[in-house]
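In what follows, a structure is listed as structure tokens, so that the remarks can point back to it.
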Amino acid sequence: MKPINESESKQDRPKRRYHRRSNKAAKPAAEETPAASGEELVSTPKPSRSRKKTLDEAIAAVIGATAVSEPEKPREKKQSGSRKKNNRPAKENAPAEQAAPAAQAEAPAQEAPRKNQKNSRRRGGNNNNTDPNARVRIIPLGGLHEIGKNMTVYECGEDMFIVDCGLAFPDDEMFGVDVVIPDFTFVEKNKDKIRGIVITHGHEDHIGGLAYLLKTVNIPVYATRLTLALIEGKLKEHGLLGRVKLIEKHPGDHIKLGGFDVELIAVNHSIPDACALAISTKAGLIIQTGDFKVDFTPVAGPVIDLARFGQLGQQGVLALLADSTNAERPGATKSERVVGDTFETLFKKAEDRRIIIATFSSNVHRLQQIVDCCVKHGRKLAVSGRSMVNMVERAAEMGYLNIPEGTLVDLDVLSRYPDNKLVIATTGSQGEPMSALTRMAMNDHRKITVTPNDFIILSASPIPGNEESVTRVINALLRQGAEVIYEKTYDLHTSGHAQQDELKLMLALTKPRFFMPVHGEYKHLKKHCDLAAAMGVPRENMVIGEIGRVVELSPEQIALGGTVPSGSVMVDGLGVGDVGSIVLRDRKHLAQDGLIIVVVAMDSATGEVVSGPDIVSRGFVYVREAEDMMSDARRVCLRAVDRCREQEVQDWGSIKNAIKDQLGQFVWGRTKRSPMILPIIQEV
């Protein structure tokens with residue numbers, strides 16, 4: 001920088017440069033924040049030149065953002081005098097209309113303690129389009145302290161909107177349950193306030209519960225192109241297609257939802273068309289990242305728009321809600337292209353054998369790399385598994401998958417090709433009981449039989465809780481003579497979620513004043529808070545939310561508030577919510593100890609036993625091998641009925657309880673087990 005010369009004029013001195021810089025920092029906040037202009041930018045892409053920055057410029061923005069968040073003290077001392085001196089003419093020359101909002105924006109910071117003033121200037125304190133009295137309520141209905149079931153409600157004044165509506169898969173204690181969805185009671189009570197629902201991407205944990213919600217609350221759905229296509233398939237299954245308003249949006253578009261303005265920002269994930277959300281409110285700007293990672297070499301689609309995050313950070317971000325799934329993992333997530341290089345190596349290793357690859361059906365980028373390897377090595381590709389078939393067909397129709405003509409063949413014609421000319425892409429990488437790979441492993445697939453000439457690749461990491469199922473499938477495939485590649489020595493899978501370096505990058509770019517980790521178990525959320533603290537976010541400016549617990553957010557503070565109806569609703573077949581804790585308790589009891597049914601026919605007038613008791617056992621003991629115990633059990637039941645007659649007990653309910661108690665004590669004494677006992681009395 002050129003030193004100051006006393007002979008220079010005032011216009012040539014550095015103060016003019018500082019004045020221009022402050023104008024540039026303030027101008028986007030007024031021009032680009034839709035809430036400030038009042039314009040309805042529902043589907044208009046932003047024409048700003050900064051959205052078209054090159055990768056080098058994005059990296060430069062990251063470096064600049066980091067420098068802003070951690071200023072050097074010696075430099076401040078040298079320039080502090082000139083800044084005060086040079087800023088004075090700028091305020092004097094500014095119009096009164098511009099000076100007034102600036103004074104209003106600085107007023108809350110003057111009342112706060114000095115420490116908070118400093119944090120406000122560094123993190124999210126430079127957004128002048130906020131109302132100090134405004135308050136936003138963030139209500140998580142899923143996705144906290146768990147993986148899956150993501151759903152968040154935003155409320156400000158009389159307006160509400162929803163982000164995502166996913167499902168979770170049942171754990172080992174949920175016997176017979178198909179899927180788990182959020183409790184929609186709070187949304188149903190406030191359906192007149194709901195302006196719409198915005199979907200970040202098309203994974204089941206973000207769209208799986210949407211059809212169940214739309215059966216009770218008909219609201220418009222906003223999402224990107226592929227995400228809408230997947231939603232359409234779900235609505236068709238539930239008979240809702242054509243009854244719900246689906247609105248296609250693209251990265252850069254704005255969605256006006258009452259007093260909210262939501263901007264979509266492109267991010268990288270393990271499915272195309274994933275977006276983060278920049279939510280403009282009266283209280284300030286909130287960023288919710290959705291599921292994301294930073295992939296500088298994506299297989300298809302754009303690189304994550306780091307430049308936009310950096311630009312919003314310079315304008316001022318009130319709060320950041322960020323993906324916490326991989327907060328425990330150091331470093332950065334590998335690019336999806338690494339898996340493509342591994343496929344190339346393994347295709348060569350397979351030589352003359354048939355290749356079977358199990359992976360997630362939603363990972364279109366991985367499917368594209370499988371297609372590319374098939375074309376390069378002269379192999380045909382067949383697809384097995386309903387979700388895989390649907391995804392390949394839909395993605396190819398929409399242009400997300402480029403499959404050259406003649407590459408894709410049907411499972412029915414596999415016998416026409418030699419093994420060294422075939423690749424089968426299938427579902428079942430998580431050992432799901434009904435998946436295609438599991439049926440192959442159990443020799444139960446109608447069209448594919450595993451042989452020693454099969455080279456099987458599991459291109460996925462077991463989701464926590466699925467390790468046992470995956471191991472069972474691998475063992476079954478190995479018994480049939482196939483070679484199974486699942487070792488960690490190969491890069492067979494890369495996550496779609498950001499690791500610690502990428503999470504720090506997001507914090508450095510956005511510089512939020514307040515922080516709330518989302519999408520993860522408690523250990524993930526806690527670790528993410530530790531990362532934010534290391535990046536300079538004060539601990540008092542963070543909250544770890546809970547499902548159903550309202551988070552109160554204002555320009556001055558973030559805090560946990562009251563609660564709303566929330567929880568998990570279990571779906572079993574066509575029944576939604578009819579399986580509750582009592583039913584699950586009984587199912588668990590039956591699974592652990594079995595069932596004994598006692599049938600007694602009694603005279604309705606005298607109370608005498610006409611026939612029985614007959615005892616039926618299911619899941620307790622095999623009756624033919626325990627005849628002595630069953631005979632003793634009958635005598636116990638008869639004594640219980642006789643005792644009731646002696647005490648002149650004629651109520652059938654009391655008699656049933658007596659049978660249950662006496663028989664339960666007998667069985668426990670003989671077996672140390674407590675089966676469910678179900679007495680049935682027939683009146684004669």
Side-chain angles (χ1 to χ4, degrees), residues 29 33-38 101 103-113 116-117 119-121 123-141 143-144 151-163 186-187 189-198 255-263 277-288 312 315-322 510-518 532 537-566:
T33 305
S37 63
Q104 293 174 6
E106 291 176 1
Q110 293 173 1
E111 297 173 3
N116 288 341
Q117 285 183 2
N119 292 331
S120 177
R121 288 193 297 269
R123 296 187 172 276
N126 57 346
N127 190 338
N128 294 331
N129 298 312
T130 61
D131 180 356
N133 297 318
R135 188 174 296 273
V136 177
R137 301 173 80 226
I138 303 173
I139 306 139
L141 296 181
L144 294 182
M151 184 176 184
T152 307
V153 178
Y154 286 84
E155 179 182 10
C156 186
E158 294 299 313
D159 298 316
M160 289 182 172
F161 81 98
I162 304 170
V163 175
F186 177 74
V187 175
K189 287 182 178 179
N190 294 275
K191 60 183 179 180
D192 294 336
K193 291 184 176 182
I194 304 292
R195 308 304 174 212
I197 179 166
V198 182
I255 306 167
K256 190 70 174 177
L257 300 169
F260 297 97
D261 183 275
V262 182
E263 178 188 354
L277 307 179
I279 305 164
S280 296
T281 72
K282 294 179 180 179
L285 181 67
I286 304 169
I287 292 180
Q288 183 165 342
L312 293 172
Q315 295 178 19
V317 174
L318 179 64
L320 173 67
L321 283 67
T510 56
K511 302 188 292 295
R513 182 172 187 183
F514 301 111
F515 177 69
M516 177 180 171
V518 295
V537 181
R539 290 280 184 180
E540 61 269 21
N541 286 7
M542 308 178 199
V543 296
I544 296 180
E546 300 174 10
I547 294 176
R549 188 82 181 269
V550 178
V551 177
E552 302 278 356
L553 179 65
S554 71
E556 297 305 315
Q557 69 173 356
I558 186 170
L560 294 174
T563 60
V564 303
S566 63

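Here the structure is a predicted model, which means the values were calculated and not measured.
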- Item | Option from Leu321, Val550, Val518 for which side-chain contact (heavy atoms from CB on, under 4.5 Å) with Ile138 holds | Leu321
- Please name the pair of heavy atoms, one in Pro512 and one in Val537, separated by the smallest distance, quoted to 0.1 Å. O-CG2, 4.2 Å
- Closest non-hydrogen contact found for Gly316 with Leu285 is O-CB, 3.7 Å
- salt bridge (Lys or Arg N to Asp or Glu O under 4.0 Å) partners of Glu546, counting only residues at least two apart: none
- Item | Heavy-atom pair with the smallest gap, counting every atom of Ile547 and Ser566 | O-OG, 3.6 Å
- Who are the side chain to side chain donor-acceptor pair (under 3.5 Å) partners of Arg137, not counting sequence neighbours? Glu155
- Task: State, with a plain yes or no, whether a side-chain heavy atom of Gln288 is found less than 4.5 Å away from one of Tyr154.
- Result: yes
- Task: Not counting sequence neighbours, which residues clear side-chain contact (heavy atoms from CB on, under 4.5 Å) with Pro517? List them please.
- Result: Ser324, Phe515, Leu525, His528, Cys529, Ile544
- Item | Verdict with reasoning, Leu277 to Val198, per side chain to side chain contact (heavy atoms under 4.5 Å, CB included) | CA-CA 9 Å; Leu277 307 179; Val198 182; 3.8 Å; yes
- Query: Ignoring hydrogens and geometry, is there a side-chain-to-backbone donor-acceptor pair from Arg513 to Asn541 under 3.5 Å?
  - Reply: no
- Could I get the full list of side chain to side chain donor-acceptor pair (under 3.5 Å) partners for Asp159, not counting sequence neighbours? Arg195
- Item | Heavy-atom side-chain proximity of Met516 to Val551 below 4.5 angstrom | yes
- Interatomic spacing from CE in Met160 to CG in Asp192 - rounded to 0.5 Å: 10.5 Å
- Heavy atoms, side chains only, cut-off 4.5 Å: are Phe186 and Ile139 in contact? yes
- Query: Glu158: what forms a side-chain contact (heavy atoms from CB on, under 4.5 Å) with it, not counting sequence neighbours?
  - Reply: Lys193
- Ile279 and Phe161, any side-chain heavy atoms less than 4.5 Å apart: yes
- Query: Got Lys189 and Pro565 here, is their nearest side-chain heavy-atom distance under 4.5 Å?
  - Reply: yes
- Message: Holding to side-chain contact (heavy atoms from CB on, under 4.5 Å), I want the full list of residues that pass it with Val187, two or more places apart in sequence or in another chain.
- Response: Leu141, Met151, Val153, Ile162, Ile194, Leu213, Val217
- What's the shortest heavy-atom distance between Pro555 and Ala134, and which atoms? CD-O, 3.5 Å
- Message: Testing the basics here: between Val317 and Leu312, what is the closest heavy-atom pair and its distance to 0.1 Å?
- Response: CG2-O, 3.5 Å
- Kindly determine whether Phe260 and Ser280 satisfy side chain to side chain contact (heavy atoms under 4.5 Å, CB included), including the steps that lead there. CA-CA 6 Å; Phe260 297 97; Ser280 296; over 6 Å; no
- Message: To check you understand the geometry: which heavy-atom pair defines the closest contact between Gly561 and Arg549, and what is its length?
- Response: O-NE, 2.6 Å
- Tell me, do Ile255 and Asp261 make a side-chain contact under 4.5 Å, heavy atoms counted? no
